[in-house]
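Just so you know, these numbers use all the heavy atoms, side chains as well, and skip hydrogens, waters and symmetry mates. Proteins get letters first, then strands, A, B, ... in listed order; numbering begins at 1 in each.
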Protein chains: 2
Amino acid sequence: MRLIVARCSAIYEGRLASTLTEAVRLIMLKADGCVAIHADSGAYKPMNWMNAPNVISEEPTRLVVTNPKGEQLTITLHEVIADVSYPLDVERGLTLDGVERDLQLLLAEHPDHLEDGLRLVQREFRTDVGPVDLLCRDRDGNAVAVEIKRIGEIDGVEQLTRYLDRMERDPMLTPVRGVLAATIVKPQARVLAESRGIGWREIDLAYLRGQKDAQPRLF
Amino acid sequence: MRLIVARCSAIYEGRLASTLTEAVRLIMLKADGCVAIHADSGAYKPMNWMNAPNVISEEPTRLVVTNPKGEQLTITLHEVIADVSYPLDVERGLTLDGVERDLQLLLAEHPDHLEDGLRLVQREFRTDVGPVDLLCRDRDGNAVAVEIKRIGEIDGVEQLTRYLDRMERDPMLTPVRGVLAATIVKPQARVLAESRGIGWREIDLAYLRGQKDAQPRLF
DNA sequence: AGGTGTATGTCGCAT
DNA sequence: ATGCGACGTACACCT
């Protein structure tokens, strides 16, 4: 990891064009060839950046970064204030918990949390427009397709609509109902879902976890 | 901008939970209170981060970052290799060129570039499933909904279809035609649009810009 | 390599 | 603040 603090300007030309006027900023050059120009605000997004792989050409007052797609970032160094390098460890240590996959596994274990009497048939049921998160049967034996999102938005309703459209054509499945399940279902997604006869349900992740923890003790 | 290179571990608890095992990484502390932990790969995304505003509590071997939403990042410092600070300039210098907003403003000024006799009624016309980029009337006085994209893909057709579906129900608007406008309209988007009776049009951004520059000289 | 779906997305702009 | 759409989205995973 090489860190350059410099008064610099920059031009990016690629998917769009941008110019960055002269100011003191941090330039990060990572071991994999990534380059990022950071200002003193905004943790996530650099002012300009180039993802690996890149070819970096270093001249006395310029850094020219080019990638195979033909995008180019040209950094002009007007005054270098610091230029230091440190070897960092190769990364392997990040684990996440609480993403959509976790929701899916929990609901697969407790489909009745969505609707009384619901039974799981298959997780990741394949259609030719993509996999449905959960295929279930309700208490009457009718098919129910469940689309799971961390946050339920219009996209999720569209996705589920495409699945339902395909599944309705399968005589083994039709009629199929759809349910959008998410920790939060946004208002516009509710409106769209309802207008299409699709159900929606907000999931209490903590409660579901409680169920999971409690279950083994019951037997 | 404070830069700490340290052998560290971290725990994030917020929208989800994550743990980061011990390794040498860069910790960025920005002037606005943002914090990011960067590994030596991936220009864009830190391993962990906290966006402003934050409260940062510094102890001898720990940094605890808390935001008003209750999210928390706890960084344990096992060995500090470097800890330096630099004052950076306040940022003001980034300009972009060629994005959707430009297209929208230009087409709002020159709706007739889309179709002869087209007049603008409203930009960002609101429906309950989101705003339509341009609401226009054609030479016969019928409503035309225009969805603008930099690159026209299937998503744009889906979006416009949703708007049209809602707008058709409004007696003040119906019948409504749809037009997808983009600098490039991809083949699949053309096919889907046509199959739904939606028009599409490729926009010459340079020509539109010329129009804009030329216009004042005409009067 | 290209397409699809997720994201602690972030960011800007609207109500 | 919340809602919503765009983004040089990035990124992982699949065919």
Quick test of the criterion, 5.5 Å between centres and less than 30° between planes. Is B:W49 stacked on C:dT8 or not? yes
Closer to the 5' end of DNA chain C via nearest nucleotide, is it B:P46 or B:E124? B:P46
Would you kindly compare A:Y44 and A:E147 by the position of their nearest DNA chain C nucleotide and give the one closer to the 5′ end? A:E147
Any Lys/Arg nitrogen of [X] or [Y] sitting under 4.0 Å from an Asp/Glu carboxylate oxygen of the other?
{"X": "B:D170", "Y": "B:R166", "result": "no"}
{"X": "A:E115", "Y": "A:R201", "result": "no"}
{"X": "A:D133", "Y": "A:R123", "result": "no"}
{"X": "A:E153", "Y": "A:R190", "result": "no"}
{"X": "B:E147", "Y": "B:K149", "result": "yes"}

5' priority, DNA chain D, between A:R126 and B:G42 [closest heavy atom]: B:G42
For [X], which contact category applies under a 4.0 Å heavy-atom criterion: base, sugar-phosphate, or nothing?
{"X": "A:Y163", "answer": "sugar-phosphate"}
{"X": "A:R162", "answer": "sugar-phosphate"}
{"X": "B:N51", "answer": "sugar-phosphate"}

If only side-chain N and O atoms of [X] are considered, is one of them under 4.0 Å from the OP1 or OP2 phosphate oxygen of [N]?
{"X": "B:K45", "N": "C:dT8", "answer": "yes"}
{"X": "A:R101", "N": "D:dA12", "answer": "no"}
{"X": "B:R150", "N": "D:dG5", "answer": "no"}

If you check every side-chain atom of A:V99, which of C:dA7, D:dT15, D:dA6 has the closest atom? C:dA7
How far does the P atom of D:dC11 sit from the matching atom of C:dC11, given to the nearest Å? 15 Å
What integer number of Å spans the P atoms of D:dG8 and C:dG5? 22 Å
[X] [atom1] - [N] [atom2] separation (whole Å):
{"X": "A:K69", "N": "C:dG2", "atom1": "NZ", "atom2": "P", "answer": "10 Å"}
{"X": "A:Q159", "N": "C:dT4", "atom1": "CD", "atom2": "P", "answer": "11 Å"}
{"X": "B:D133", "N": "C:dA14", "atom1": "CG", "atom2": "C1'", "answer": "13 Å"}
{"X": "B:Q104", "N": "D:dA6", "atom1": "CD", "atom2": "C1'", "answer": "11 Å"}
{"X": "A:D155", "N": "C:dG5", "atom1": "CG", "atom2": "P", "answer": "10 Å"}

Hey, is the side chain of A:N48 pairing donor to acceptor with the base of D:dG8 inside 3.5 Å? yes
